[in-house]
Amino acid sequence: MTSVRFTAVTAAVLLAVTVLRAQTPVTGIFFDEGWESGSLTRSFNSQNFGSVSSSSEFRLDGVNTGTGAWSLRHAFIAGTPVGGIDTATQHFGDATSGPVWPTGSGQHFQDLYVQYRFYYSPGFDFGTGHYKQFMIGTQDNRRHDESCCLPFAAHYITLLVERGAVLQAEGYNKQATTGQRFDINPNTGGYSDSQPFVVQTGRWYTLQVRRRLNDAGVDNGIFQMWMDGVLIADYRAVRYRVPPNGSFGSDFTYGTNFAHIADYSTTTVSRNQEIYYDDVRLSTTFIATGPVTTPPAPPTNVRVIR
């Protein structure tokens, strides 16, 4: 009887230690998806907000890869209307939807780095609108139907490629019926709205962003963006979230907790074409790029028409 009691107590202690270890905050890279498992079932399979394994548009590709043997290919079919392109979402940290990535589950990521590689097929037509690429944001304890865009999200940023293949970034802070959207486009390293970063088709890029959430009542959020290891955007007074005020505002407990492959087009898809993703990483610290290549020099004598 004593032996049985001792065994039970020992098992309880070991279980407590295991749970404690699982809840220890993560440091550095805690999510690394290069699809080297050869499967689409491992990640980006939200139960509610888009899944790579359930869409015929997403496929593994073993020919055009950023690194390794596989990449994720997202095919756009000519004639697909606005809003008709499929999406895929990965929840992590303290996300209220799932499945949540096990490493770092429950952790509040107030300062997060996101890195991924992307490639647009040669001659990709961005049309007269824009193609959203990645959305990175926070889902908290309520919906935000009274304000614009992604009502399940409390606040988020969007990385997108505008007509003319111009790289841009924007944020939504859900502070009111208007004034939620703000631009955080490339603004350093020789880039600006008048000298934009122009994406070339037919080549791989490594993009990294930092999203450090602002404190309550203080516009001290940080947004930084690196392309192939070179800093091209640097903002240090960003208002990502505002305290609750009637219908508007966010719960300041929650950190960044979802990454969304959006690829939303604001125009009908004109031709069959693809975007490829590889080496998606989430980290609490800056992520080394590996072999660094210098982005193309800012173009001169460019006139951007909006």
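It should be emphasised that the depicted structure is a prediction, and the values quoted were computed from it without experimental measurement.
- Within a 6.0 Å radius of CG in N48, more than 12 heavy atoms belonging to other residues, nucleotides or ligands are found.
- Annotation: side chain of I261 is in contact with side chain of L72 (closest heavy-atom distance under 4.5 Å).
- Side chain to side chain, S46 and H91 meet the donor-acceptor criterion of an N or O pair below 3.5 Å.
- With respect to K132 and D263, no salt bridge is recorded, no charged nitrogen being found less than 4.0 Å from a carboxylate O.
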N/O donor-acceptor pairs under 3.5 Å from side chains in residues 58-67, not counting sequence neighbours:
residue: D61; atom: OD1; partner: V63; partner atom: N; Å: 2.9
residue: D61; atom: OD1; partner: N64; partner atom: N; Å: 2.7
residue: N64; atom: OD1; partner: W204; partner atom: NE1; Å: 3.0
residue: T65; atom: OG1; partner: G68; partner atom: O; Å: 3.1
residue: T67; atom: OG1; partner: D279; partner atom: OD1; Å: 3.0
residue: T67; atom: OG1; partner: D279; partner atom: OD2; Å: 2.6

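- Both tests hold for R211 against Y240: distance to the six-membered ring centre under 6.0 Å, angle to the ring axis within 45°.
- For S265, the side chain to side chain contact (heavy atoms under 4.5 Å, CB included) criterion is met by I85, Y131, T267, not counting sequence neighbours.
- Taking the charged nitrogens against the carboxylate oxygens, D140 and R143 have no contact shorter than 4.0 Å, which rules out a salt bridge.
- Stacking of R203 on the aromatic ring of Y205 is recorded, both the 6.0 Å distance cut-off and the 45° axial limit being met.
- A side-chain contact (heavy atoms from CB on, under 4.5 Å) with M225 holds for exactly one of L167, D234, I184; it is L167.
- Proximity of V199 to Y120: side-chain heavy atoms (C-beta onward) are separated by under 4.5 Å at one or more points.
- One side chain, Y113 or R210, offers a donor N or O that lies under 3.5 Å from an acceptor on the other.
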